[in-house]
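Proteins come first, then strands; the chains are lettered A, B, ... in the order of their sequence lines, and each starts at number 1. Every value quoted in this text rests on a predicted model; they were computed, and no experiment measured them.
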Protein chains: 2
Amino acid sequence: MQQPDTLHYLGVRDDIAARISGGEFKAGERLPSERQMQVGGGVARGTVREALFQLEAEGVIYRKDRSGWYVSPPPVVYDPTRWEGFMSYVEAQGRRPETETLSKIEIACDGMLAEIFSRPIGAPMYWIRRRRSVDGRAVLIESIVVDASLAPGLVEHDLDGSLTNVLKQVYGIGVARNKVDMQPCALTRDVAEALRVKSGLPGLSLVRTCYDAQGRVVEFDREHWRHDALKISVDIRVR
Amino acid sequence: MQQPDTLHYLGVRDDIAARISGGEFKAGERLPSERQMQVGGGVARGTVREALFQLEAEGVIYRKDRSGWYVSPPPVVYDPTRWEGFMSYVEAQGRRPETETLSKIEIACDGMLAEIFSRPIGAPMYWIRRRRSVDGRAVLIESIVVDASLAPGLVEHDLDGSLTNVLKQVYGIGVARNKVDMQPCALTRDVAEALRVKSGLPGLSLVRTCYDAQGRVVEFDREHWRHDALKISVDIRVR
DNA sequence: TCTCCACATTGGTATAGACCAGATGAGAAG
DNA sequence: CTTCTCATCTGGTCTATACCAATGTGGAGA
C-alpha cells in the first residue's frame, strides 16, 4: 500500500485537502468523523489524526473539542500600524465581529504592572478580560489593564464594544503611541479553555502597550489569537 | 498513577520543562532520547512524544530529524517598520547571523510576478533563494525576486551578505516603502527540507514587497521562519 | 410544546509493539 | 592521520486496541 515517497498520513492529508478545495466541504462545515475517514482509506485512526493535525497546522481545518473537525474560514487581516479597533476592521472586511466581557474587576498594581505603567505598587487598576469572535467563532482572548486613576469608573460602562471609543469619548483619553509585540506561542490552559480549544494548540501572542500624548501608559493589552484566524499586514513608508 | 486532573503527557511536559528551566539542560543542548525518558517516567513512548510536541509548540524545544530534541535558543526580535536587514539586526542582538545562497538564477516573469512588478509577462527577473541562520541554526528560507532590468548582473555579485546593501551601493536603488504581510503557516516540503525540519511544522510566513521612491517594486521577498525563532515588535507613533 | 435525561457518537488520551530511514560514532582499512 | 564502512541509536511512521469525557441527539415525561 505505502509507496516509499508517499507517507500514508500525507496521502490522507492530500485526500482531505483536495475534497476541501474541490468544494465538497465548505468553510465552517464539519468533516466526517475520524473513524469514518479511517475505514474509507484503510488506515489506522492514528494515521488519520496525523493528517488532520497537519491540516490544522496549515490553518485549513480546526476542531471543536469532541464535536468534530471543521473547515477554517479565511483569516482576519490586522495592521498593527492602524488605530482602528477590532470591531471596526473586522466589519470592514465583511465579517461579523463580536465581543464578550468575561470579567472586569479592580486589582492592585503588582510589580510588573508598576514598571509598565510607572505607577506605585498597590495603585488601583482595572483588569478586563474579553473574548472576541468573528462570524460566531471565538478567535482571541484579551486581557486588558487600564490605570484606574485615568479612567475612574471605567468598569461601570458597557465594554462589549470598542474600549478605545469609551476611553476617548467618556474620558477624553487619546492614544498617541502604540507598541505591539507579536510572537508565535502555544495557547495555555486558561486561554485554551476560554477559546474552547485544546491546550497547547499553536497561537499568536500579541502584546500591545498604548501611550497617550504625555507618554503615560493608558492601556496594556495581551491578546492570544488562534493561529489560523489572523493575518498581519504592515505598510511602511520611509520616515 | 494518573490523577483525574493531571494528564500523563502534561505531567511529562512539566517534568521536562522544569528540568530545562532548572538549568539541567541549557539552550542548544540535547535532551535524553524518547526511549530513555519513557523508562524514567513509566509511560508509553507515544505519551512522551505528546509531551515533546507540546513543548515544541511552545517554542521551548526543537528537533533535528533523527538526531534528537534540543533546547531552543531565545528568539530574534524583528521590527518590520525598521529598514535594517537581517545581518544587521541579528548582530545588534548579540547573535551570529549567517546567510547562504542556495540558488540564484534568471527567470521569466510569470503572471503573478507581472502583476506585482507591473512588468510584462516574460520580462527577465532574478530569483534568489537563501537560507539564513542564527548561531548556526537555520531559522528561515527566503525566496527573493528582483527586476533584472533595474539591477542588471545582480546575480554575479556575492549575495551571502546584505542584499539591500548591494542594491543600494552597486545600483543606487533605495527603498522608500515596505509592505510586510505575516501569517502563521505550516512549513511545506521544500522549505522544511532546506531548514532540515519535519514538513508540516508550524512556521511564520512573511511576505515583503519593497518599493522605491518612484513606486516601482524593487524586491519581492517571501520568507519562511521557524515559529520559535522569531518575535515581532512594532513601535508606532501617531502620524 | 418544552424540558430533561439517557445514550450513541466523537474526539482525547494512553498502551504496546513493529519496522523504517537518517544520523552518529566507533572501529577497520588505507 | 585520514577515510570508509557498518552496527547502533534516534526519531518517524504505522497498526491495533482500549477506555474516558464531552457533545449532540432523540425520546420520555411534564
K.L.:
A/Ala44 has a side chain; which of C/dA14, D/dT15, D/dG11 sits nearest to it?
P.N.:
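Selected nucleotide: D/dT15.
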
K.L.:
Below 4.0 angstrom from OP1 or OP2 of C/dT9, is there any side-chain N or O of A/Gln36?
P.N.:
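For A/Gln36, the contact criterion (side-chain N or O under 4.0 Å from OP1 or OP2 of C/dT9) is not met.
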
K.L.:
Output one line per pair: protein atom, nucleotide atom from nucleotides 23-25 of chain D, and distance, for all N/O pairs under 3.5 Å.
P.N.:
residue: D/dT23; atom: OP1; partner: A/Arg196; partner atom: NH2; Å: 2.9
residue: D/dG24; atom: OP1; partner: A/Ser67; partner atom: OG; Å: 3.3

K.L.:
Does A/His8 make a side-chain N or O approach to OP1 or OP2 of D/dG12 shorter than 4.0 Å?
P.N.:
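Result: no.
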
K.L.:
Send over the distance from B/Lys198 NZ to C/dC20 C1', rounded to a whole Å.
P.N.:
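B/Lys198 atom NZ is separated from C/dC20 atom C1' by 15 Å.
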
K.L.:
Between C/dG11 atom P and B/Glu50 atom CD, what is the distance in whole Å?
P.N.:
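Result: 16 Å.
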
K.L.:
Toss me the dot-bracket line for DNA chain D: Watson-Crick and G-U wobble, both under 3.5 Å, 5' to 3', using | for pairs to another strand and [ ] for crossers.
P.N.:
||||||||||||||||||||||||||||||

K.L.:
Would you find a donor on one side and an acceptor on the other, under 3.5 Å apart, between the side chain of A/Gln93 and the backbone of A/Val77?
P.N.:
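Confirmed, A/Gln93 side chain pairs with A/Val77 backbone.
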
K.L.:
Main chain of A/Thr101, side chain of A/Asp160: is a donor-acceptor contact present, judged purely on distance under 3.5 Å?
P.N.:
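Here the side-chain-to-backbone pair exists.
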
K.L.:
Quick one about B/Trp69 and B/Glu56 (side-chain donor to acceptor, distance below 3.5 Å, no hydrogens or angles considered), yes or no?
P.N.:
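Side chains of B/Glu56 and B/Trp69: no pair found under 3.5 Å.
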
K.L.:
Listed by chain and number, what are the salt bridge (Lys or Arg N to Asp or Glu O under 4.0 Å) partners of B/Lys104, not counting sequence neighbours?
P.N.:
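Checked B/Lys104 against salt bridge (Lys or Arg N to Asp or Glu O under 4.0 Å); zero matches.
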
K.L.:
If the cut-off is 4.0 Å, is A/Thr47 near the phosphate of D/dC14, judged by side-chain N/O to OP1 or OP2?
P.N.:
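Negative; the distance criterion is not met.
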
K.L.:
Which whole-number value in Å describes the distance from A/Glu193 CD to D/dA21 P?
P.N.:
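Rounding to the nearest Å, CD of A/Glu193 and P of D/dA21 are 16 Å apart.
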
K.L.:
Can you tell me how far C1' of D/dA21 sits from CG of B/Leu7, to the nearest Å?
P.N.:
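After rounding, the gap between these two atoms is 11 Å.
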
K.L.:
Figure out the CD/P separation between A/Glu56 and C/dG11, and round it to whole Å.
P.N.:
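One finds 13 Å between P of C/dG11 and CD of A/Glu56, rounded.
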
K.L.:
Given atom OH of A/Tyr9 and atom P of C/dC20, what is their separation to the nearest angstrom?
P.N.:
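Nearest whole value for this atom pair: 18 Å.
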
K.L.:
Side chain of A/Arg45 only, please: which of C/dG11, C/dT15, D/dG12 is the nearest?
P.N.:
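Out of C/dG11, C/dT15, D/dG12, the nucleotide with an atom closest to A/Arg45's side chain is C/dG11.
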
K.L.:
Measure from CZ on A/Arg35 to C1' on D/dC20 and round the result to the nearest Å.
P.N.:
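To the nearest whole Å, that distance equals 11 Å.
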
K.L.:
Measure the OG-CD distance between A/Ser205 and A/Glu223 for me, rounded to the nearest 0.5 Å.
P.N.:
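Rounded to the nearest 0.5 Å, the OG-CD separation comes out at 9.0 Å.
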
K.L.:
Taking all atoms of both residues into account, what is the closest heavy-atom pair of A/Arg95 and A/Pro75, and its distance?
P.N.:
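Closest pair (atom of A/Arg95, atom of A/Pro75, distance): NH1-O, 3.9 Å.
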
K.L.:
Does a distance-only test, which skips hydrogens and angles, find a donor-acceptor pair under 3.5 Å between the side chain of A/Arg49 and the base of C/dG11?
P.N.:
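Looking at the base of C/dG11, it does not pair with any donor or acceptor on the side chain of A/Arg49 (distance under 3.5 Å).
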
K.L.:
Side-chain donor or acceptor of B/Arg63 under 3.5 Å from a matching atom on the base of D/dG12?
P.N.:
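No such pair is found, so the answer is no.
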
K.L.:
Does B/Asn165 offer a backbone N or O that forms a donor-acceptor pair with the side chain of B/Ser162 under 3.5 Å?
P.N.:
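A pair under 3.5 Å: yes.
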
K.L.:
Starting at atom CZ of B/Phe53, determine the distance to atom P of C/dA14, rounded to an integer number of angstrom.
P.N.:
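So the CZ-P distance, B/Phe53 to C/dA14, works out to 14 Å.
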
K.L.:
Has the side chain of A/Ser72 got a donor or acceptor atom that lies under 3.5 Å from a matching backbone atom of A/Gly59?
P.N.:
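Pair found, side chain donor or acceptor close to backbone of A/Gly59.
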
K.L.:
Tell me which nucleotide among C/dT13, D/dT13, D/dT10 gets nearest to the side chain of B/Ser33.
P.N.:
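Looking only at side-chain atoms, B/Ser33 lies closest to D/dT10.
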
K.L.:
Tell me whether the NZ or CZ atom of B/Arg137 lies within the 45° cone about the ring axis of B/Tyr70 and under 6.0 Å from its centre.
P.N.:
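Because its charged atom misses either the 6.0 Å distance or the 45° angle limit, B/Arg137 does not stack over B/Tyr70.
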
K.L.:
If we count only N and O atoms by modelled type, under 3.5 Å, do the side chains of A/Arg130 and A/Thr99 hold a donor and an acceptor together?
P.N.:
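Per modelled atom types, A/Arg130 and A/Thr99 side chains form no pair under 3.5 Å.
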
